[in-house]
Number of protein chains: 2
Amino acid sequence: MGTALQKTIQQLRSENREYFQIALSVDCVIFGFDENELKVLLIKSDLEEFNDQWSLLGDLVSPDENLDSASYRVLKERTGLDDVYLEQVYTFGDVNRHPAGRVITTAWYSLINVKDHQLDLAHNELHWHPVTEITTLAFDHKKILDTCLKQLQSKIDEHPIVFNLLPEKFSLRELQSLYESILGTKLDRRNFRKKFFLMDWLIDVNELEQDVPHRPGKLYRFNAARFSNGKVKLEEAVH
Amino acid sequence: MGTALQKTIQQLRSENREYFQIALSVDCVIFGFDENELKVLLIKSDLEEFNDQWSLLGDLVSPDENLDSASYRVLKERTGLDDVYLEQVYTFGDVNRHPAGRVITTAWYSLINVKDHQLDLAHNELHWHPVTEITTLAFDHKKILDTCLKQLQSKIDEHPIVFNLLPEKFSLRELQSLYESILGTKLDRRNFRKKFFLMDWLIDVNELEQDVPHRPGKLYRFNAARFSNGKVKLEEAVH
DNA sequence: GCAAAAGTGTTTTGCGTACACCCATGC
DNA sequence: GCATGGGTGTACGCAAAACACTTTTGC
């Protein structure tokens, strides 16, 4: 039934030429956990207008680049890390959000283990900022950060993603401190331990903390085998 | 400290001209509830390539139009409704997702009361499809639909948004049937009623169903006063 | 009176929360 | 021996889940 109302792709393309004038960017909220604080990796804005303001790590998406590829590329370029945890959060598309023209941006957050890579921080003008101390950012990046943090907070209740922020082996205190940093609350230590052992997310590696000025805690690692492709193995979960 | 490394907006704009070649669209998953089924409003694709396939309601975003304005505009144009519930879900940006060029799309879902408006369905080639019967759609719209449905499912547990799908007055059976349609599960009737009365989301309007071939149920309306700007009035919630 | 759905309560179970004491280590 | 955090168990309350019978209406 090819009627006169139907359009070919060529027609569609030529009729809508004026729409193909938008730029798309990705902005990554890169979370790290260091010195018992949740931190975000920021860079000095390279725009005069935002002189001395910090901004998220982002880049324009090339017209022949997949959206998710672009966010992985930004991560790789800035941190040197592949295979990071990355999640799309929201797309910000107000007409005037960017001074250089119509640039809409898709916001992502990433969880990385700061010990895994050595940033050439000074040279790149990159810097880890405690999230609690960030009050303003360039563009609408503060709003983006807030949105991503909220998303992260609601996600960690049910999904075992915080382990991306920790080294291979960690103590329960570190884990609890991380949850507290993300949620911005204090948690009861005994209930926290009980909950995690019940969930069976952890494996005791039979090692102890080193060089702590008090009784060393046991070390654990994430029970990744319980999860395959992000899904719980129900057979095991029943036990 | 305006160094040589910093750029003016003019420089940025001219250097990145090749990036401003992307088109942006919005696609709306418009949910309705009718005949005890969750349905989605679809339109016959106007592209020859997708002849006889259904697609979501969407449109290109004008370079001088806010992203969220565009989704409201699509809703208004297609349904005649203002003031609808609309929520952004995800942005799909694979290079080859659209045959007419680089078109990335931001997906939204909307909840409307099908009784509120009379669609000129045949004329517009619009049609309500039960979600359970949709197997394929044009473009990547099936994936978009699935993503939006999942988001809806997780949202209704805690947020009183399903009332957007119901008429002003409704019975508890209708409400439960709606939850079951969205979640794809059966729910226990007594627990369902108990839970809703405890949550204090409903107001008894002291009317009964009409023209039902069995004992008529009481009618209720959504207790909108309990929520202002989407936030719970905590003072009242304590009672 | 029969079919169909409305309406109603109790019990059990699991989970989150609150809470206090002893233990191991470094200094 | 003292300071610091590690490690453990119990009791309570609430909310979800399981479950069956009586009532009202239309036909």
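Because the structure is predicted, anything quoted here is derived from the model rather than measured. In what follows, chains carry the letters A, B, and so on, assigned in the order in which the sequence lines appear, proteins first and then strands, with residues in each chain numbered from 1.
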**Q** Determine, using ring centers only, whether B:F50 and B:F139 are less than 6.0 Å apart.
**A** yes
**Q** Return each pair, listed once, that meets salt bridge (Lys or Arg N to Asp or Glu O under 4.0 Å) where at least one residue sits in residues 166-185 of chain A; pairs must be two or more places apart or across chains.
**A** A:K169-A:E207, A:E180-A:K186
**Q** Kindly state which residues belonging to residues 204-212 of chain A come within less than 4.0 angstrom of DNA chain C, counting heavy atoms of the residue only, listed by number.
**A** A:V212
**Q** Under 4.0 Å from any atom of DNA chain D, heavy atoms only: list the residues of residues 179-199 of chain A that qualify, in numerical order.
**A** A:R189, A:R190, A:R193, A:K194
**Q** Say whether, by atom type as modelled, one donor and one acceptor occur between the side chain of A:H127 and the main chain of A:L42 under 3.5 angstrom.
**A** no
**Q** Could you give all pairs that pass the salt bridge (Lys or Arg N to Asp or Glu O under 4.0 Å) test and reach residues 79-93 of chain B, with sequence neighbours left out?
**A** B:K76-B:D82, B:E87-B:K155
**Q** Mark yes or no for whether B:H141, through its side chain, and B:L56, through its backbone, hold a donor-acceptor pair below 3.5 Å.
**A** yes
**Q** State yes or no: are the ring centers of B:F163 and B:F170 separated by less than 6.0 Å?
**A** yes
**Q** Where do B:L166 and B:L178 land on the side-chain contact (heavy atoms from CB on, under 4.5 Å) test, with the steps shown first?
**A** CA-CA 9 Å; B:L166 292 170; B:L178 174 52; 3.7 Å; yes
**Q** Hey, does the side-chain of B:R215 have a donor or acceptor N/O within less than 3.5 Å of a partner on the base of C:dA6?
**A** yes
**Q** Closest nucleotide of DNA chain C for B:K218 versus for A:P213: which of these residues is on the 5' side?
**A** B:K218
**Q** Using modelled atom types only, decide if a donor and an acceptor are shared between the side chain of A:D188 and the backbone of A:N191 within a distance under 3.5 Å.
**A** yes
**Q** From CD of B:Q176 over to P of C:dG7, roughly how many Å is that when rounded to an integer?
**A** 12 Å
**Q** Can you give the first and last nucleotides of DNA chain D, 5' to 3', that have an atom under 4.0 Å from a heavy atom of chain A?
**A** D:dT4 to D:dT10
**Q** Which residues pass the ring-ring contact (aromatic ring centres under 6.0 Å, His included) test with A:F92, not counting sequence neighbours?
**A** A:Y90
**Q** Taking A:D146 first and then A:K150, would you say they form a salt bridge - that is, a charged N and a carboxylate O separated by under 4.0 Å?
**A** no
